[in-house]
Amino acid sequence: MAFNKRTKIREVLNLTPENQIIILMGWVRTRRSNKNVTFISLNDGSCIQNYQIVADPTVIDEDILRKANTGASIKVSGRLVASQGSGQQTELNAESVEILGEADPESYPIQPKKHSLEFLRENAHLRIRTSTFSAVMRVRHHLAYSIHEYFHQKGFFYIHTPIITASDAEGAGEMFRVSVLDPKNPPLKEDGSVDFKQDFFERETNLTVSGQLEGELAALALSEIYTFGPTFRAENSNTTRHLAEFWMIEPEMAFYDAEDNQDLAEDFLKYVISSALRHCKEDLMFLDQRAAEEEKTKKAELRNELSLLERLTFVTENKFERITYTEAWEILKNSAPNKKKKFAFPIEEWGTDLQSEHERYLVEKHFKKPVIISDYPKAIKSFYMKQNEDGKTVAAMDILFPGIGEIVGGSQREENLEKLAQRMEELNISREEMWWYLDTRRFGTAPHAGFGLGFERLVLFVTGMGNIRDVIPFPRTPGNAEF
RNA sequence: UCCUCCUUAGCUCAGUCGGUUAGAGCAUUUGACUGUUAAUCAAAGGGUCCUUGGUUCGAGCCCAAGAGGAGGAGCCA
């Protein structure tokens, strides 16, 4: 018999019991037994539910049942019947059980009990077998799928921008070097510096920190494109919302201005979150309960007012608040915590960047909903952002989510060659190396805009998990690349 | 990188003022039990108290350094 003749638990749950023969394969979650009967809770990862196998010790060999302990993988053939117990509609009366892979109960780390997330992080190779992580991974999949679905339906093209890049023009911080040179004995130039001319690409190369610049090139040909790929930042960030390797979605659209950009970002976020609510209902209900348990351990003032499911529904049903940096600055300057000197960074001069505590105040206390802040001072934003008429601000926007902070950062791009070149000169960015980028402004330049969405931050928000390391299968953080 | 906290059984944790043989729950093993829902009941096994050094008659507990982890900040998505 071919292995794929088996039925997935997700499908079995919808079958009417007619004593038909069904084959299930999966991993044992728990086993309970007495003299007359053994119950096995089986999970195959196809859904959050375990399926109950009933084994009669006069039918199934006792040695086999003994090996069907927590963590073992088994194949069960049996008859689908209405359940005699109250916990489930149907169950499988085993006629044969085969042990596919034993799991020594003395050494298998995942027990049928609540484990700490820290412990599971150290067992990342096995944690996907837990209810929580399998639920997170399924939600992650559906979010990725619905992202492609959203853009495809709108006529956007999926562009693959390079992972290896020679430009660090974004200035987005430290990069990981890509090199085939011998690190112990690299070829040197006369001045003693490394001679990258002898490296694989005959120049210094790094892992990408953003696909945006290449995305712009494609948008100025295909009109509307998006990227969805891995992104690397070699920053020594140790927080619950940073990874050294993460996935980013970067749409880039010709003939969009700043407002079109905001409209798209808001519509997009609402689409993928409601898609998760529709397609991952059971997983999200499980994660909702898990998050509610977690809430109980927090201090009262740090607790969420809304449950996970309520937060998700709230975001899809309410308009995001849209304010400018200047408006945000005024609200913050006149806010109670600022007047009472409760902020670690008091709001005084116009023009300084907003700190986490300020963003959190706006999102969680003042507006109590997602907030889009636009038109930041140009000094604190990147060179490629469109300079506004006032000469002080750029057409940037950040979308802030409760509990997550910045989930989207984007802008209308500067399409004017002179203004862009001048800004690059001011910031000491090489116009010679960026000739290809500037060419788009030389030939048929057009207004365009785009944004970057941190995929794991989205998964974090939708699953209600607290740490970004728990929403990617194998997290890469400073000092951690085990799996 | 900075600040704060943590590290005791496989897991989660307790451990009084520095005092003799280091505890609990869960897990595991064995047994009991006529259908269980993370079954229940009984018994048993299980320890480099993170590492190194110091103080002391005596250190899981005090001090120092190091390692690992968590939370917050910065950088950002």
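Lettering follows sequence order; numbering is per chain, from 1. Worth knowing before you read on, the calculation uses all heavy atoms, side chains too, and leaves out hydrogens, waters and symmetry mates.
- Nucleotide B:A70 holds its C1' atom 11 Å from the CD atom of A:Glu122, rounded to whole Å.
- The side chain of A:Glu91 lies closest to B:U36 when the candidates are B:A77, B:U36, B:A70.
- Separation of the C1' atoms belonging to B:C62 and B:A24 is 27 Å when rounded to the nearest angstrom.
- One can place CD1 of A:Ile373 at 15 Å from C1' of B:A77, the figure rounded to the nearest angstrom.
- Atom C1' of B:U29 sits at a distance of 7 Å from the matching atom of B:G45, rounded to the whole Å.
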>> What does the B/S/- profile of nucleotides 8-15 of chain B look like, 5' to 3', with a 4.0 Å heavy-atom cutoff to protein?
In response: --BBS---
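- Non-hydrogen atoms lying under 4.0 Å from RNA chain B are contributed by A:Phe39, A:Gln52, all within residues 39-54 of chain A.
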> Would you write out the dot-bracket form of RNA chain B, 5' to 3', with Watson-Crick and G-U pairs under 3.5 Å, [ ] for crossing pairs, | for pairs to other strands and . for unpaired bases?
Replying inline: (((((((..((((.....[...)))).(((((.......))))).....(((((..]....))))))))))))....
Please list, pair by pair, any protein nitrogen or oxygen found under 3.5 Å from a nitrogen or oxygen in nucleotides 1-4 of chain B.
{"residue": "B:U1", "atom": "OP1", "partner": "A:Asn236", "partner atom": "ND2", "Å": "2.7"}
{"residue": "B:U1", "atom": "O4", "partner": "A:Asn236", "partner atom": "O", "Å": "3.3"}
{"residue": "B:U1", "atom": "O4", "partner": "A:Asn238", "partner atom": "ND2", "Å": "3.0"}

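- Of the candidate nucleotides B:G69, B:C75, B:A77, B:C75 has the atom nearest to the side chain of A:Thr239.
- Contacts of residues 337-359 of chain A with RNA chain B (heavy atom under 4.0 Å): A:Gln355, A:Ser356.
- Using a 4.0 Å cutoff on non-hydrogen atoms, the parts of residues 468-483 of chain A near RNA chain B are A:Arg469, ordered by number.
- Across the protein-nucleic acid pair, A:Arg233 atom CZ and B:G74 atom P stand 17 Å apart, rounded to whole Å.
- A distance of about 7 Å separates the C1' atoms of B:G58 and B:G19, rounded to the whole Å.
- Taking atom CG on A:Asn123 and atom C1' on B:G68, their separation rounds to 15 Å, with Å as the unit.
- B:G53 sits 28 Å from B:G15 when the P atoms are compared, rounded to a whole Å.
- Put simply, the side chain of A:Asn261 gets close to the backbone of A:Gly450: a donor and an acceptor are under 3.5 Å apart.
- Contact annotation: A:Asn34 reaches the phosphate of B:G35 (side-chain N/O to OP1 or OP2, under 4.0 Å).
- Ring geometry for A:His366 against A:Tyr361 counts as tilted: the plane angle lies between 30° and 60°, on a 0 to 90° scale.
- The same atom, C1', is picked in B:A9 and in B:A14; the two are 13 Å apart, to the nearest Å.
- Both the sub-6.0 Å distance and the 45° axial angle are satisfied by A:Lys270 relative to the ring of A:Phe320.
- Going from the C1' atom of B:U51 to that of B:U7 covers 11 Å, rounded to whole Å.
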